[in-house]
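Working notes for the structure below.
By convention in this document, chain letters (A, B, ...) are assigned in the order of the sequence lines, proteins followed by strands, and residues within each chain are numbered from 1.
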2 protein chains.
Amino acid sequence: MPKEPVTRNDVAEYAGVSTAVVSYVVNEGPRKVAPETRNRVLEAIRVLGYRPNATARALRMGTTRTFGLITPDGGNPLFAELAKAIDKAAASRGYVVLQTSADGDPATERAKIAELLARQVSGLLLVAPTEDPDLTDAEVPAIALNRVLPTISSVRPAYREGARQGVEHLIGHGHRTIDLVVGGDGHSERELGWRDALEAAGLPEGPIARTTFSREGGYLAAQSLLPARPTAIFASSDLQAIGVLRALHESGLRVPEDVAIAAFDGTPETEYAWPPLTVIRQPLEALAREAVRRLIEGEESVEALTFPTDLILRRSCGC
Amino acid sequence: MPKEPVTRNDVAEYAGVSTAVVSYVVNEGPRKVAPETRNRVLEAIRVLGYRPNATARALRMGTTRTFGLITPDGGNPLFAELAKAIDKAAASRGYVVLQTSADGDPATERAKIAELLARQVSGLLLVAPTEDPDLTDAEVPAIALNRVLPTISSVRPAYREGARQGVEHLIGHGHRTIDLVVGGDGHSERELGWRDALEAAGLPEGPIARTTFSREGGYLAAQSLLPARPTAIFASSDLQAIGVLRALHESGLRVPEDVAIAAFDGTPETEYAWPPLTVIRQPLEALAREAVRRLIEGEESVEALTFPTDLILRRSCGC
DNA sequence: TTGAAAGCGATACCAA
DNA sequence: TTGGTATCGCTTTCAA
């Protein structure tokens with residue numbers, strides 16, 4: 001049964017002081033309060049079960065201490081992990097996170113951004129946004145994660161270097177051709193990293209299968225690659241690698257004996273894939289912390305900062 | 001560069017009307033506005049790029065149209081899927097969701113609840129809470145998902161019937177013993193469903209391995225079960241089943257030829273496990289919709305509603 | 001050290 | 001049909 005909310009007025013009355021004093025006590029400033037008065041107020045707060053109204057506070061202060069977070073798909077394990085890291089980083093600074101999915105659809109994305117702006121979020125975190133948002137008359141800092149945009153600040157993993165490292169590792173196992181399963185628009189940095197490694201080793205570019213960033217995408221891509229008998233495949237995401245694994249199993253191919261695999265991302269799912277996947281792990285915690293820091297500290301640099309990845313060796317590459 | 005926010009006053013001034021009229025136009029009520037005046041106001045809104053301040057509105061109206069969502073772990077694929085479904089259900093009703101993780105820790109859970117209450121959420125969604133929250137002097141409706149609590153409303157999958165159905169299916173494949181890998185406190189409904197099925201078939205209870213709701217938990221549990229040569233294992237969660245699979249693969253056991261498996265939950269990950277897992281799928285969308293509906297419509301029933309699960313047959317059971 | 005009061009932006013009643 | 005204004009709960013300046 002909903003009860004009447006207890007306000008600062010009730011507390012003031014109960015303690016026999018003015019509302020200003022209650023405020024001083026609650027916020028420990030900006031004026032000092034006599035210890036005895038302070039105790040009366042504290043007692044009143046306790047007895048009445050008073051909880052300051054953050055909405056009123058936000059209106060007065062001009063800040064909600066709330067971030068808006070938009071991902072393409074909250075169900076994607078990578079984004080779920082990233083969201084969790086962001087929540088943690090935000091919580092440690094006293095912020096909370098309004099999280100929502102945009103389904104990778106530009107129109108939905110715009111609508112969600114508008115909704116979050118109307119709610120006066122103190123900052124916007126856009127994970128892999130589909131387009132450059134129009135924030136010109138927004139009073140709010142924004143940062144893109146895992147995608148570089150012209151007009152807003154961004155942080156991302158060192159895609160190119162990470163991919164290169166993964167492919168180099170595969171090459172180190174003696175493979176002369178490394179197939180690529182890649183998502184996105186064909187200008188991905190992960191693809192460039194794959195090229196870098198091949199070129200550095202004087203190897204020709206292997207076959208490329210372009211697809212979506214999903215398990216099914218990886219599965220279909222692998223099916224298109226298999227007739228040519230690949231010996232090693234690099235996948236641009238975990239999910240794709242999982243799909244690749246399935247295609248290989250169905251074909252009776254052994255991993256890593258017949259085909260070696262490595263993938264970008266490194267979500268927990270890969271550790272329990274069969275065989276366990278060698279991955280380039282995204283530094284999600286570092287990305288989250290830096291993004292939150294920039295938002296809070298109002299760092300306006302549009303410079304796209306990059307965070308180093310981790311190569312995690314497991315069975316799928318042949319190690 | 002942060003700009004000055006445009007307020008309703010600016011719009012009123014620009015349009016040459018009072019602030020009340022702006023409000024009438026924005027909210028399409030509660031008073032009628034002459035078409036011509038209305039157009040002037042709309043024009044002003046457009047030109048100035050006015051966005052109503054939801055914080056002020058919330059203060060005035062006494063509702064934020066925001067839900068608080070607490071899960072034990074945002075990184076868990078099941079909870080991520082559920083959160084996504086909740087976001088969708090909430091968004092369709094004009095609500096947004098403040099999502100946070102409590103790490104399955106009661107103290108953290110209490111702190112997060114307090115934080116969300118202070119922020120005046122319009123409702124609280126608690127996924128698998130660790131304890132019965134003290135909401136006695138909160139003005140807010142709450143609902144538990146996937147866990148029944150004495151003092152608050154709840155919705156959950158038909159754990160017992162679902163588990164029973166899964167185990168029955170395994171029995172239908174001719175297994176005379178069904179091992180159980182189960183998480184939680186030992187009073188789980190999933191365990192009861194397993195018993196139901198065994199009893200109905202006149203079969204003795206198979207071995208039980210109690211562990212955590214995680215991949216690693218399933219892995220360790222399976223290792224403890226394997227020496228006795230099980231022919232079928234039912235896991236109380238997807239994650240555990242994934243861990244079981246790994247243990248089986250490492251032992252060189254074939255699934256489903258040597259050991260059949262079925263599991264509760266049905267997250268997308270199971271479809272791409274090797275072999276694909278037969279699962280009891282939780283009706284996440286239905287759970288989310290009902291939870292949101294109850295919160296919005298203020299249904300105070302403490303009755304614990306249950307939603308039917310889906311048995312999804314894949315390779316791991318022997319089908 | 002404490003209190004009175006203005007003001008954050010929006011809603012909606014009461015008058016005009 | 002439109003406008004003036006009290007109010008939501010809180011913070012903080014200014015005065016006492």
Side-chain angles (χ1 to χ4, degrees), chain A residues 2-42 44-45 48-66 117-122 139-140, chain B residues 2-42 44-45 48-66 117-122 139-140:
Chain A
K3 284 181 35 180
E4 274 309 289
V6 177
T7 76
R8 188 207 43 178
N9 270 305
D10 304 323
V11 175
E13 192 174 342
Y14 186 96
V17 300
S18 79
T19 60
V21 174
V22 178
S23 194
Y24 300 152
V25 170
V26 170
N27 305 316
E28 301 180 336
R31 292 279 162 282
K32 297 197 89 66
V33 174
E36 199 237 338
T37 315
R38 180 183 150 78
N39 283 333
R40 280 218 313 285
V41 173
L42 256 19
I45 289 177
L48 301 176
Y50 168 69
R51 246 192 295 272
N53 181 325
T55 297
R57 179 169 221 276
L59 176 59
R60 175 64 224 236
M61 305 289 277
T63 170
T64 54
R65 295 182 78 83
T66 299
L117 288 178
R119 286 167 182 275
Q120 313 295 115
V121 291
S122 308
E139 312 79 34
V140 163
Chain B
K3 283 182 35 182
E4 273 310 287
V6 177
T7 76
R8 188 208 43 181
N9 270 304
D10 303 323
V11 175
E13 189 174 345
Y14 186 97
V17 301
S18 79
T19 61
V21 173
V22 178
S23 192
Y24 300 152
V25 170
V26 170
N27 305 315
E28 301 181 335
R31 293 279 164 282
K32 297 194 89 68
V33 174
E36 200 237 337
T37 315
R38 180 185 151 78
N39 284 334
R40 280 218 315 286
V41 172
L42 289 175
I45 288 177
L48 300 177
Y50 168 69
R51 246 192 294 272
N53 180 325
T55 298
R57 179 169 219 275
L59 175 60
R60 177 62 225 231
M61 305 289 277
T63 170
T64 54
R65 294 182 80 82
T66 299
L117 288 178
R119 285 167 182 274
Q120 313 297 115
V121 292
S122 308
E139 311 78 35
V140 163

Students often get this wrong, so: under 4.0 angstrom with heavy atoms, is [X] touching a base, only sugar-phosphate, or nothing?
| X | answer |
| --- | --- |
| B:V22 | nothing |
| B:T37 | sugar-phosphate |
| B:V26 | nothing |

(message) My understanding is that only one of A:V41, A:N39, A:V21, A:V22 makes a side-chain contact (heavy atoms from CB on, under 4.5 Å) with A:V33; could you say which?
(response)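 That would be A:V21.
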
(request) Heavy atoms only: give me the nearest A:V11-A:V6 pair and the separation to one decimal. (result)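 In this case the closest contact between A:V11 and A:V6 is CG2-CG1, 4.4 Å.
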
(request) Quick one: closest heavy-atom pair of B:V17 and B:T37, and the distance? (result)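 B:V17 and B:T37 have their closest heavy atoms at CG1-CG2, 3.7 Å.
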
In this structure, how many angstroms lie between the [atom2] atom of [N] and the [atom1] atom of [X], rounded?
| X | N | atom1 | atom2 | answer |
| --- | --- | --- | --- | --- |
| A:D10 | D:dC8 | CG | C1' | 13 Å |
| A:L59 | D:dT7 | CG | C1' | 12 Å |
| B:L48 | C:dG9 | CG | P | 14 Å |
| A:K32 | D:dT12 | NZ | P | 16 Å |
| A:I45 | D:dC10 | CD1 | C1' | 13 Å |
| A:N53 | C:dC8 | CG | P | 18 Å |
| B:N9 | D:dG4 | CG | C1' | 13 Å |
| A:N39 | C:dT1 | CG | C1' | 15 Å |

(message) Go through it in stages, so that I can follow the logic: the residues are A:L117 and A:V140, the test is side-chain contact (heavy atoms from CB on, under 4.5 Å), and I'd like the CA-CA distance, side-chain angles, deciding distance and then a yes or no.
(response) CA-CA 8 Å; A:L117 288 178; A:V140 163; 4.0 Å; yes

(request) Measure the shortest side-chain to side-chain distance between A:I45 and A:V26 over non-hydrogen atoms and say whether it is less than 4.5 angstrom. (result)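 Yes, close enough: below the 4.5 Å cut-off.
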
Contacts under 3.5 Å, N or O only, protein and nucleotides 12-14 of chain C:
residue, atom, partner, partner atom, Å
C:dC13, N4, B:Y24, OH, 2.5

(request) Starting at CG of B:L42, measure out to OH of B:Y50 and round the result to the nearest 0.5 Å. (result)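 Answer for the CG-OH pair, B:L42 versus B:Y50, is 12.0 Å.
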
(message) What's the separation between atom CZ in A:R57 and atom CG in A:N53, rounded to the nearest 0.5 Å?
(response)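 CG of A:N53 is found 11.0 Å from CZ of A:R57.
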
(request) Look at the side chain of A:R57 and decide which nucleotide, out of D:dT11, C:dG3, D:dT2, has an atom nearest to it. (result)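 Closest nucleotide among those given: D:dT11.
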
(message) Go nucleotide by nucleotide along DNA chain D from the 5' end; which of A:T7 and B:V33 gets its closest nucleotide reached first?
(response)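 Nearest nucleotide further toward 5': that of B:V33.
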
(request) Using a cut-off of 6.0 Å, state whether more than 12 heavy atoms not belonging to B:R51 lie near its atom CZ. (result)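 More than 12 heavy atoms, drawn from other residues, nucleotides or ligands, come within 6.0 Å of this atom.
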
(request) Would you work out how much the helix from C:dT1-D:dA16 to C:dA16-D:dT1 bends between its ends, with each end axis defined by five base pairs, to 10 degrees? (result)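 That helix has its two terminal axes inclined by roughly 50°.
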
(request) Output, in order, the C-alpha distance, side-chain angles, deciding distance and verdict of side-chain contact (heavy atoms from CB on, under 4.5 Å) for A:T66 and B:R119. (result) CA-CA 10 Å; A:T66 299; B:R119 285 167 182 274; 3.0 Å; yes

